[in-house]
Amino acid sequence: MKDTIIFATNNPHKIAEVQALLGDAFRLQTLAESGIKADIPETAATIEGNALQKARYVYEVTGADCFADDTGLEVDALDGAPGVHSARYATDGHDFAANNRLLLRNLEGAASRKAHFRTVIALILDGREYLFEGRVDGRIAEREAGCGGFGYDPLFIPDGFDVSFAEMSAEQKNAISHRGRAMGRLLEFLRNRE
Ligand code: IMP
C-alpha cells in the first residue's frame, strides 16, 4: 500500500474527524494539497453515486489513489429525506441552522422520529473501485442540544444514548458514527492489503 492517499474533501470538520480515526496508518492529502481547487460535482441521485462521482473526478485529474465519502441523514417518517440532499435541504448553501429548523418543522406531529446517518466511501486504489458503508441508527430530538460536531448533530440522538451527537466528544462520536464505521471498514481493507 502506498502511504499517501487523497481524501476528496476540503471540509475541515471531516478532515479532523478522519485524521483522528486514521492515526498514522497513512498520510491523508487534502484536495487543496493535491492542487484541486474546483468544486467537485455532486449531482448523482444516490449517496453511493455521489461518493463514486467525487472519487472518479479526483482519480481522473491526479491518477493517484484516493477516496471520497458522501453522507445522508435518512429519516423514516420523511421517506428517507433529506438523504442525498442533506447538505442543501433548506437552502442552496450548507446552512446547518436552516436545515435543522426545516427538519424540525417537517417532523412536527410525526408518529416516528426514527432516523439514521449513512456514509458511503468510494475508494480508488491502483485504478480499482471499492465501496464501504457505515450506518448509525437513532432518532431526531424535539429540539437542538449541544454545540460539538456539525450539521444535524444537535438533533441526532444515537440509539442507546440520551444525548445528541453534538453533546458528545469527538472520540465518542467517532467510535459509533456512520463515518467512523465506514472509515473503519476502509482502514481494515487497507491494512489487510499490507
Ligand atoms: P457530506 O456528504 O459528508 O458532505 O454530508 C452531507 C451533509 O450531511 C452535510 O452537509 C451535513 O448536513 C450532513 N452530515 C454529514 N455528516 C454529518 C455528521 O456527522 N453529523 C451531522 N450531519 C452530518
Side-chain angles (χ1 to χ4, degrees), residues 6-21 28 30-31 36 39-58 66-75 78 80-104 106-107 113 115-123 131-141 143-159 161 163-184 186:
I6 301 170
F7 180 18
T9 185
N10 278 323
N11 176 336
H13 301 285
K14 290 205 311 201
I15 290 172
E17 269 191 18
V18 174
Q19 190 65 70
L21 287 164
L28 268 192
T30 65
L31 282 178
I36 298 178
D39 264 352
I40 303 182
E42 294 182 47
T43 52
T46 62
I47 294 171
E48 289 77 2
N50 270 344
L52 270 172
Q53 187 180 20
K54 287 187 271 188
R56 285 174 183 160
Y57 181 101
V58 173
C66 58
F67 65 92
D69 72 334
D70 199 63
T71 294
L73 173 68
E74 300 181 319
V75 181
L78 303 177
V84 72
H85 306 295
S86 291
R88 296 180 178 81
Y89 189 36
T91 69
D92 266 358
H94 295 245
D95 187 336
F96 296 147
N99 286 343
N100 286 341
R101 280 197 301 274
L102 181 61
L103 181 59
L104 284 178
N106 287 344
L107 277 178
R113 302 184 75 89
H116 58 264
F117 278 111
R118 203 160 62 83
T119 293
V120 175
I121 297 171
L123 167 72
L131 291 179
F132 306 90
E133 183 177 302
R135 168 180 168 141
V136 58
D137 288 273
R139 66 180 197 279
I140 303 302
R143 61 192 65 80
E144 294 187 32
C147 49
F150 68 102
Y152 299 94
D153 279 349
L155 285 178
F156 186 81
I157 302 178
D159 284 350
F161 293 81
V163 293
S164 76
F165 264 168
E167 294 176 284
M168 294 182 172
S169 67
E171 294 71 31
Q172 273 180 309
K173 178 186 167 187
N174 282 343
I176 58 165
S177 80
H178 44 299
R179 193 162 27 257
R181 287 175 175 158
M183 286 294 165
L186 169 70

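In listed order, ligands and their atoms are each counted from 1. Fair warning: this is a prediction, and the values are worked out from it, not measured in the lab.
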Start with the C-alpha gap between Glu133 and Glu48, add the side-chain angles, then the distance that decides, and say whether side chain to side chain contact (heavy atoms under 4.5 Å, CB included) holds. CA-CA 9 Å; Glu133 183 177 302; Glu48 289 77 2; 4.0 Å; yes

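Residue His178 has at least one heavy-atom neighbour below 4.0 Å for each of these atoms of ligand 1: 16 (N), 17 (C), 18 (C), 19 (O). Counting atoms of ligand 1 from 1 in the listed order, those under 4.0 Å from a heavy atom of His94 are 10 (O).
A tilted orientation is assigned to the rings of Phe150 and Phe96, their planes being inclined by 30° to 60°. Relative orientation of the Tyr152 and Phe117 rings is tilted, given thresholds of 30° and 60° on the angle between their planes.
Note on ligand 1: Arg88 sits outside its first shell, no heavy atom being nearer than 4.0 Å. Within the 4.0 Å heavy-atom shell around ligand 1 one does not find Tyr89. Using 4.0 Å as the threshold, Asp70 has a heavy atom nearer than that to some atom of ligand 1.
Of the options Ile6, Asn11, Asn10, Ile36, a side-chain contact (heavy atoms from CB on, under 4.5 Å) to Thr30 is made by Asn10 and by none of the others.
Nearest protein heavy-atom neighbour of atom 16 (N) of ligand 1: Arg179 NH1, 3.3 Å. Residue, atom and distance of the protein heavy atom nearest to atom 20 (N) of ligand 1 are Asp153 OD1, 2.6 Å. In terms of protein heavy-atom proximity, atom 3 (O) of ligand 1 is nearest to Lys14 NZ, 2.9 Å. Looking from atom 8 (O) of ligand 1 to the surrounding protein, the closest heavy atom is Ser86 CB, 3.4 Å. Scanning the protein heavy atoms around atom 22 (N) of ligand 1, the nearest turns out to be Tyr152 N, 3.1 Å. Thr71 N, 2.9 Å is the protein heavy atom nearest to atom 2 (O) of ligand 1. Atom 14 (N) of ligand 1 has its closest protein heavy atom at Phe150 CE1, 4.0 Å.
Taking CG of Asn99 as the reference point, atom NE2 of His94 lies at 9.0 Å (rounded to 0.5 Å). Glu144 contributes atom CD, which lies 9.5 Å from atom CG of Leu103 (distance to the nearest 0.5 angstrom). From Arg113, atom CZ reaches atom CZ of Phe156 across 12.5 Å, with rounding to the nearest 0.5 Å. Considering CZ of Arg179 and CG of Asp69, their distance stands at 6.0 Å, rounded to 0.5 Å. Distance check: Glu42 CD to Asn50 CG gives 5.0 Å after rounding to the nearest 0.5 Å.
Below 3.5 Å of separation, one finds an N or O of Lys173 facing an N or O of ligand 1. Taking distance alone, with nitrogen or oxygen atoms compared against 3.5 Å, Asn99 stays at or beyond that limit from ligand 1.
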